[in-house]
Enquirer: 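Quick one: this structure, given as structure tokens, is what I'll be asking you about.
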Number of protein chains: 2
Amino acid sequence: MAQTSTNPVIKSNLADFKVGVDNVIFSVDTQANRLLVLLVKRKDNPFLGSWSLPGTLVRIGESLEDAAYRILAERIRVNNLYLEQLYTFGTLGRDPRESHNSFGVRYLSVSYFALVRLEEAELITHDISTTAWHPVKKVPQLAFDHNQILEYGYQRLRNKLEYSPIAFEVLPEVFTLNDIYQLYSTILGENFADYSNFRARLLKMGILADTGAKVSRGAGRPASLYRFDAEAFAPLKDKPLVFI
Amino acid sequence: MAQTSTNPVIKSNLADFKVGVDNVIFSVDTQANRLLVLLVKRKDNPFLGSWSLPGTLVRIGESLEDAAYRILAERIRVNNLYLEQLYTFGTLGRDPRESHNSFGVRYLSVSYFALVRLEEAELITHDISTTAWHPVKKVPQLAFDHNQILEYGYQRLRNKLEYSPIAFEVLPEVFTLNDIYQLYSTILGENFADYSNFRARLLKMGILADTGAKVSRGAGRPASLYRFDAEAFAPLKDKPLVFI
DNA sequence: TCAAAAGTGTTAGCGATACACCCATGT
DNA sequence: ACATGGGTGTATCGCTAACACTTTTGA
């Protein structure tokens, strides 16, 4: 940050950037026990026809976060979601357009990662050939460096889940202990913890309030409905929690 | 990312950016038991005369990381360091220059955080009125949103220290167990763990190799010199380690 | 009445905490 | 010989992992 605004540099050696925002939007298919990611098919060059993460270029007067929310809003309608910035990718030549135009404009990608509830997330286009949930285990080759971004987001998701209560931002108001367990085990894999122990830990933390209500889902004993107790959680914030 | 390279948008609604890189460079003063951060005094507007994080605008042909390393190289000479990207700040109006010029150029800041050894880091300018280590506990009001960036970096440093071996990237080849302990306790604060327990955990991990050599520092029993065993650590990578 | 889903209890063992204590060296 | 810094040992407690068990419902 060398030049001043009163003495602008006319022919500068500074790079000019367009800034892209790419979202890694995760969702959990509790039925099939799969983690999903939202992909869109590119309608423009470069990488026309390839699957990619939903993204956009930042517009005038728009903050990075604004852009991230706009991408979401253009693709799905959701009530609850968790969104956070992931990483900024700025390697030279990560976007083929950098070499094709002579102005030397660079393309930066600020990635965000989001977690939404599948049951709540309604896709705006129902044409699954252009916008669709893909199982994370089976994503195809993506445009740009998006496979790398996805991998990075997947890593972050697993970490976040272990030591912060993002699950509750995505669960409905009231939920059963099994609902949380399902969420955790489909994201973290089958071998993360015994249901009984998971349950005990969670309850011992005292961040769940029993609503008293019960819900019956098919056969079997009805499950208690709990609510996330934000007040009880507040003092635990920033503390080394482990939700494993 | 809508327009194609074959059909360029002439009058676009996309924002144009200059991208800044700001470094949060930490170091540990083991003598005084203080965590330090490198600050520089601004020589230009805006915020002329204010202390700020060392930063620069990204040049043509330069990657984000290149820029981060350049900032470092312009200020200090070091052999070992740890560097990683922190966060990207892109709020509207975070840089006063955005409103002062009519071209609507935006200023983004990609921040990096670095950890270097104080004994090894030689400042290139010895004029402490322009470049100096400041105790983190007593940083003044900084230019831009740099206090926020610093806070974010401090948080990240503490987290990283607990579950990844960044300390060893900053310690000399051989070191005593007390050296590590000093490093940890000045960064994490006095109340993080008993020396005896810290020591036991560290040795049990099996990632330290005893060189057999000893070193005497003043009075007292000589300390064993250890070396970080990267081979022994390799399989533990990505595993849930805790260095507390 | 039996299977399915929810919820409870029990035990062994590891690991953290908080100390007390022993060892080797300089002055 | 004693202060100083380095290093070892141990008892307590809590938490985790693994698994057996009980309860409540629908069919």
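Every heavy atom of this structure was used, including side-chain atoms; hydrogens, water molecules and symmetry mates were not.
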Enquirer: Rounded to the Å, how far apart are A:Ile180 CD1 and C:dA6 P?
Expert: 12 Å
Enquirer: Measure from CG on B:Leu225 to P on D:dG6 and round the result to the nearest Å.
Expert: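 So the CG-P distance, B:Leu225 to D:dG6, works out to 11 Å.
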Enquirer: What nucleotide among C:dA6, C:dA16, D:dC19 has an atom nearest to a side-chain atom of B:Lys204?
Expert: C:dA16
Enquirer: In the structure I gave you, are the side-chain heavy atoms of A:Trp133 and A:Leu123 within less than 4.5 Å of one another anywhere?
Expert: yes
Enquirer: From CG of A:Leu202 over to P of C:dA6, roughly how many Å is that when rounded to an integer?
Expert: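 Going from CG in A:Leu202 over to P in C:dA6 covers 15 Å.
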Enquirer: If the cut-off is 4.0 Å, is A:Tyr195 near the phosphate of C:dG7, judged by side-chain N/O to OP1 or OP2?
Expert: yes
Enquirer: Let's see if you can work this out: which of C:dT17, C:dA5, C:dT8 has an atom nearest to the side-chain heavy atoms of B:Arg201?
Expert: C:dT17
Enquirer: Name the orientation class of the two ring planes belonging to A:Phe233 and A:Phe228 (parallel below 30°, tilted from 30 to 60°, perpendicular beyond 60°).
Expert: tilted
Enquirer: Tell me which nucleotide among C:dG7, D:dG7, D:dG26 gets nearest to the side chain of A:Ser224.
Expert: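 Comparing C:dG7, D:dG7, D:dG26 against the side chain of A:Ser224, the answer is C:dG7.
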Enquirer: Could you check which of C:dG7, D:dG6, D:dT4 has an atom nearest any side-chain atom of A:Leu177?
Expert: C:dG7
Enquirer: Can you tell me whether the side chain of B:Asp194 and the base of C:dA16 have a donor-acceptor pair closer than 3.5 Å?
Expert: no
Enquirer: Taking atom C1' of D:dT23 as reference, at what distance in whole Å does atom NZ of A:Lys214 sit?
Expert: 10 Å
Enquirer: Rounded off to whole Å, could you give me the CZ-to-P distance for the A:Phe198 and C:dT8 pair?
Expert: 15 Å
Enquirer: When we call it a touch if two heavy atoms are under 4.0 Å apart, what does B:Arg217 touch: a base, just sugar-phosphate, or nothing?
Expert: nothing
Enquirer: Can A:Arg158 be said to sit on top of A:Tyr154's aromatic six-ring, NZ or CZ under 6.0 Å from centre and within 45° of the ring axis?
Expert: yes
Enquirer: Let me know, please, whether A:Ser216 or A:Ser196 comes out on the 5' side of the other along DNA chain D by nearest nucleotide.
Expert: A:Ser196
Enquirer: Hey, are the side chains of A:Phe144 and A:Arg42 touching, using non-hydrogen atoms and a 4.5 Å cut-off?
Expert: yes
Enquirer: Just how far, in rounded Å, is C1' of C:dA5 from OH of A:Tyr181?
Expert: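 Atom-to-atom, A:Tyr181 to C:dA5, this comes out as 14 Å.
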Enquirer: Would you mind reading off the distance between B:Glu162 atom CD and C:dA16 atom P, rounded to a whole angstrom?
Expert: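 Nearest whole value for this atom pair: 13 Å.
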Enquirer: Looking at D:dG6, I'd like to know if its phosphate oxygens (OP1 or OP2) sit under 4.0 Å from a side-chain N or O belonging to B:Arg199.
Expert: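 Indeed not, no polar side-chain atom of B:Arg199 lies that close.
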Enquirer: CG of A:Asn178 versus C1' of D:dT25: gap in Å, rounded?
Expert: 15 Å
Enquirer: Measure distances between side-chain N and O atoms of A:Asn197 and base N and O atoms of D:dA18, and say whether any donor-acceptor pair falls under 3.5 Å.
Expert: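 Yes, the side chain and the base share a sub-3.5 Å donor-acceptor pair.
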Enquirer: Measure from the ring center of A:Phe175 to the ring center of A:Tyr226 and say whether it is less than 6.0 Å.
Expert: no
